[in-house]
Amino acid sequence: MGITAIRGFNDILPEEAELWRHIEEESFMVFSSYGFSEIKAPIVEKTELFSRSIGETTDIVEKEMYTFLDRHGDSLTLRPEGTAPVVRAYIEHKLYESPVTKLYYAGPMFRYERPQKGRYRQFYQIGAEVLGDGSPQADAEALGMLMGLFDRIGLEGAMLQINSLGCPDCRPAYKKKLYAFLLDRKESLCDNCKRRIDANPLRALDCKNPGCVEATKDAPSIIESLCADCADHFRKVQARLERLGIKASINPRMVRGLDYYTKTTFEITASGLGSQNAVAAGGRYDGLVNELGGPRTPCFGFAMGVERLALLLKENGVFKKKPLSVFIALGENAEMKGMELLKGWRQKGLKIAEDFSGGSLKSRMKRADKAGARYVLILGEDELGHGEITVKDMATAGQERVKWEFVADRIAP
RNA sequence: GUGGACGUAGCUCAACCGGUUAGAGCACUGGACUGUGACUCCAGUGGCUGGGGGUUCGAGUCCCCUCGUCCACCCCA
């Protein structure tokens, strides 16, 4: 074998790309119906943007980023997630001049992880961010939008889990309380949790190691330690979700891998993905804009993984393609006239591939079938003389002669 | 980054205990059938057995290294 794609980077072949396109189109349509607009941010940013926003001690920043020096010696990084670039652009272009900004984006992200099913080094995310709205309504609306989208594209069995991580007023106190609790039981924790107990004790709640699970069984719950404002916010989010008919289970142990989250966080999982079972996740990040040099701006956002969605939709998703027709001309006269006719039909929006390759009609029919044609349009000397064309429906095997001007009506869905 | 399973034709997989020229189905090309696909029949193309090294008279098969895929951990969308 010659040169191959690098590990964790995949080619998305036409068949799968079509499904991806469908996922994107449906997402964009739903997002725009909620008043979101698209933003396109660069794929490469200054390393500092990510280390400051995601958190110096997170796994992503510590060992998963594609970081390199450019020719001027600046440290640059391939974006490992989409929120930080969007927030950077939001601040840089002073989009905060308007009260609320709703943005969505789609594109590749990069993390140096060990590839697995549903986890690649280049992966695609579609995300949305509401900037400048701190209300519980914003959280619930965004979640409603996301669940509605999943419903629309035919994703089955999506489970929503929510939690609240508090704010700078209540989280430090909780962290201290949890830290003290863990310190007492340090000996039963796994090495990994022991190591990060100082920097990020919350992580221990998320650990699947049996010793850690047992040790943290009676750990203090973040939800019971929220300040009045955060508790009120969380309660209101739940009430609004209920009103929208969205079932959410509360998981006080769910911790995010990015440091910027505050208050509401969530994760949507689906079975059938193995251990990489999250299809979308996100939450509130009220401090990030300010931290990156903008005004105090409460925000809520999320991202979904396109590879994982595609994986699930391949099983049970539903979308119908525009029918393909294949045009076959018999003889040079028909070929010449055919080019003219095709131009007109395509302008009307018909999807028509042509087969001028010659060979027997049989072999060309065969090729049309292989190409997935719903209709085959045959133009021979006989049809040519009558201003007609033979339209064969490959699904029913029936065929009829149709006047040229009625072809568009005949094969339109 | 750790542990494990597996890499044979474009795809899915065979090949006994190490033994002749590595097979089959699907797919592809052509024909049976020169104005009709899918179904049937016939023929054909297609392989450095992931790559490299070793053991052996002999390696797809055993050993080592390497690359890759998958699973679990980890992490996360």
Side-chain angles (χ1 to χ4, degrees), chain A residues 1-2 4-10 13 23 54 58-64 80-83 106-128 146 190-193 195-196 203 206-210 212 254-258 265-270 273-283 301-312 326 328-331 334 355 358-384 389-399 401:
Chain A
M1 194 140 346
T4 56
I6 57 184
R7 185 152 141 100
F9 288 66
N10 302 121
L13 271 19
I23 292 169
I54 297 169
T58 57
D59 280 20
I60 293 175
V61 172
E62 272 183 354
K63 50 194 188 196
E64 294 177 1
E81 59 106 30
T83 298
M109 309 291 162
F110 305 85
R111 290 181 203 172
Y112 192 90
E113 296 186 275
R114 185 140 168 183
Q116 208 177 310
K117 186 180 183 182
R119 182 173 81 179
Y120 308 103
R121 290 181 174 177
Q122 173 177 309
F123 58 100
Y124 281 74
Q125 286 191 339
I126 298 173
L146 191 51
C190 70
D191 293 346
N192 205 7
C193 288
R195 185 179 60 77
R196 59 195 176 187
R203 280 264 139 220
D206 205 28
C207 187
K208 283 168 210 142
N209 179 289
C212 299
M254 188 176 65
V255 175
R256 307 274 63 227
L258 297 83
T265 59
F266 76 95
E267 187 169 307
I268 297 173
T269 56
L273 287 172
S275 61
Q276 309 301 319
N277 65 351
V279 289
F302 63 80
M304 44 198 196
V306 179
E307 284 85 355
R308 293 179 190 181
L309 278 172
L311 220 50
L312 292 164
V326 168
I328 295 175
L330 302 169
D355 185 346
S360 66
L361 178 59
K362 180 179 188 63
S363 65
R364 296 164 79 178
M365 287 295 291
K366 209 175 217 171
R367 270 200 295 275
D369 187 46
K370 292 285 151 43
R374 174 66 203 275
Y375 302 101
V376 173
L377 312 177
I378 303 165
L379 187 66
E381 289 300 327
D382 196 27
E383 287 89 344
L384 201 55
I389 192 162
T390 296
V391 176
K392 172 152 185 169
D393 185 329
M394 297 295 270
T396 64
Q399 67 180 52
R401 296 272 287 251

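Note on naming: letters A, B, ... go to the chains in the order of the sequence lines (proteins, then strands), and numbering restarts at 1 for each one.
When the nucleotides C76(B), A38(B), G35(B) are ranked by their closest atom to the side chain of Ala397(A), A38(B) comes out on top. Among the nucleotides C76(B), G35(B), C75(B), the one closest to the side chain of Glu113(A) is C75(B). Side-chain atoms of Gln276(A) lie closest to C75(B) of the nucleotides C75(B), A77(B), A38(B). The side chain of Lys117(A) sits closest to C70(B) out of U36(B), C74(B), C70(B). Closest approach to the Asp59(A) side chain among G35(B), G68(B), C74(B) is made by C74(B) (side chain taken as heavy atoms from C-beta onward). In the set G68(B), A77(B), U36(B), the nucleotide with an atom closest to the side chain of Leu258(A) is A77(B).
A salt bridge is absent between Glu81(A) and Arg111(A): the closest approach of a Lys/Arg side-chain nitrogen to an acidic carboxylate oxygen does not fall below 4.0 angstrom.
The interatomic distance linking Arg364(A) (CZ) with G30(B) (P) rounds to 13 Å, in whole Å. In this structure, Arg7(A) places its CZ atom 9 Å from C1' of U69(B), rounding to the nearest Å. Following rounding to the nearest Å, Ile60(A) (CD1) and C74(B) (P) show an atom-to-atom distance of 16 Å. At whole-Å resolution of the value, CD1 in Ile54(A) and P in C75(B) are 16 Å apart. Rounded to whole angstrom, the span from the CG atom of Leu361(A) across to the P atom of G31(B) amounts to 13 Å. Per the geometry, CZ belonging to Arg121(A) stands 15 Å off C1' belonging to C76(B), to the nearest Å.
Residue Lys366(A) is in sugar-phosphate contact alone, with no base atom involved, counting any heavy-atom pair closer than 4.0 Å across all strands shown. Note on Ala368(A): nothing from the nucleic acid sits closer than 4.0 angstrom, heavy atoms only.
Across the C1' atoms, C67(B) and G25(B) are found 30 Å apart, a figure rounded to whole Å. Distance noted for atom P between G1(B) and C62(B): 28 Å (whole Å).
For Glu64(A) against G1(B), no side-chain N or O and base N or O form a donor-acceptor pair under 3.5 Å. A donor-acceptor contact under 3.5 Å is not formed by the side chain of Lys362(A) with the base of U36(B). Side-chain N/O atoms of Lys370(A) and base N/O atoms of G37(B) include no donor-acceptor pair closer than 3.5 Å. For C76(B), the base has no donor-acceptor partner in the side chain of Arg256(A) [N/O atoms by modelled type, under 3.5 angstrom].
When atom types are taken as modelled, the side chain of Tyr120(A) and the backbone of Gly118(A) share a donor-acceptor pair closer than 3.5 angstrom. No donor-acceptor pair closer than 3.5 Å links the side chain of Arg308(A) to the backbone N or O of Val279(A). For Arg121(A) (side chain) and Phe9(A) (main-chain N/O), no donor-acceptor pair under 3.5 Å exists by modelled atom type.
Dashed line: the shortest gap from a side-chain N or O of Gln116(A) to OP1 or OP2 of A72(B) is under 4.0 Å. Contact annotation: Arg119(A) does not reach the phosphate of C76(B) (side-chain N/O to OP1 or OP2, under 4.0 Å). Between Arg308(A) and C76(B), a side-chain N or O to OP1/OP2 separation shorter than 4.0 Å is absent.
Pairing for C70(B) is with G4(B), a Watson-Crick or G-U wobble pair whose two hydrogen-bonding atom distances lie under 3.5 Å. With a cut-off of 3.5 Å on both Watson-Crick or G-U wobble distances, the partner of U36(B) is given as none. Pairing for G10(B) goes to C26(B), judged as Watson-Crick or G-U wobble with the two contacts each under 3.5 Å. Remark: C41(B) base-pairs with G31(B); criterion is Watson-Crick or G-U wobble with both hydrogen-bond distances under 3.5 Å.
No donor-acceptor contact under 3.5 angstrom links the side chains of Thr390(A) and Gln399(A), judged on distance only.
Among residues two or more places apart in sequence or in another chain, the side chain to side chain contact (heavy atoms under 4.5 Å, CB included) test is passed with Ala329(A) by Phe327(A), Ala334(A), Glu335(A), Phe356(A).
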Just the table, please: protein N/O against nucleotides 4-10 of chain B N/O, every pair under 3.5 Å.
none

